[in-house]
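Shown next, in structure tokens, is the structure this report addresses.
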Amino acid sequence: SSSTTRPRIPGAEFRAHDLDEPLDFLPDESADVVVCALVLHYVDDPAALMHEFYRVLRPGGIAVISNQHPTNDWTRLGGSYFTVEDVTEKWPKGGSPVHSSYYPGI
């Protein structure tokens, strides 16, 4: 939450926002870092959100994006929580197949 993060990163701006809406409060190339943790599967149009992240990031900016919580993948796909697995899924739903190797439990 911003109440615990704000003292750790003085001068940073934190804002809650509906990620299905444009980031209209940010001008083009105005952000150094975008963090999108554990929410991407809940966004109606992930491609539009990625375009917004690209629009607002400065050249050389960093986007840190994580998937839904890993226990969801582990519960859905089965297997061992600690084993590296090769997974091929269509993402977003109905999209192109995407292949990845990862620890479902991390």
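Because the structure is a prediction, the values reported are computed rather than measured.
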Suppose we screen for ring-ring contact (aromatic ring centres under 6.0 Å, His included). Which residues come up paired with F25, at least two apart in sequence or across chains? H17
Tell me which pairs pass salt bridge (Lys or Arg N to Asp or Glu O under 4.0 Å) where either residue lies in residues 47-56, with sequence neighbours left out. D28-R55, E52-R55
Evaluate the criterion side chain to side chain contact (heavy atoms under 4.5 Å, CB included) for residue pair V56 and V34; output intermediate values, then yes/no. CA-CA 9 Å; V56 303; V34 170; 4.2 Å; yes
Check: H51 and Y54 side chains under 4.5 Å, non-hydrogen atoms: no
In a check of side chain to side chain contact (heavy atoms under 4.5 Å, CB included) between P46 and each of L40, V39, I65, which one passes? L40
Would you list the pairs meeting salt bridge (Lys or Arg N to Asp or Glu O under 4.0 Å) in which at least one residue belongs to residues 29-47, sequence neighbours left out? D32-R58
Heavy-atom closest contact (L19 atom, L49 atom, distance): O-CD1, 3.8 Å
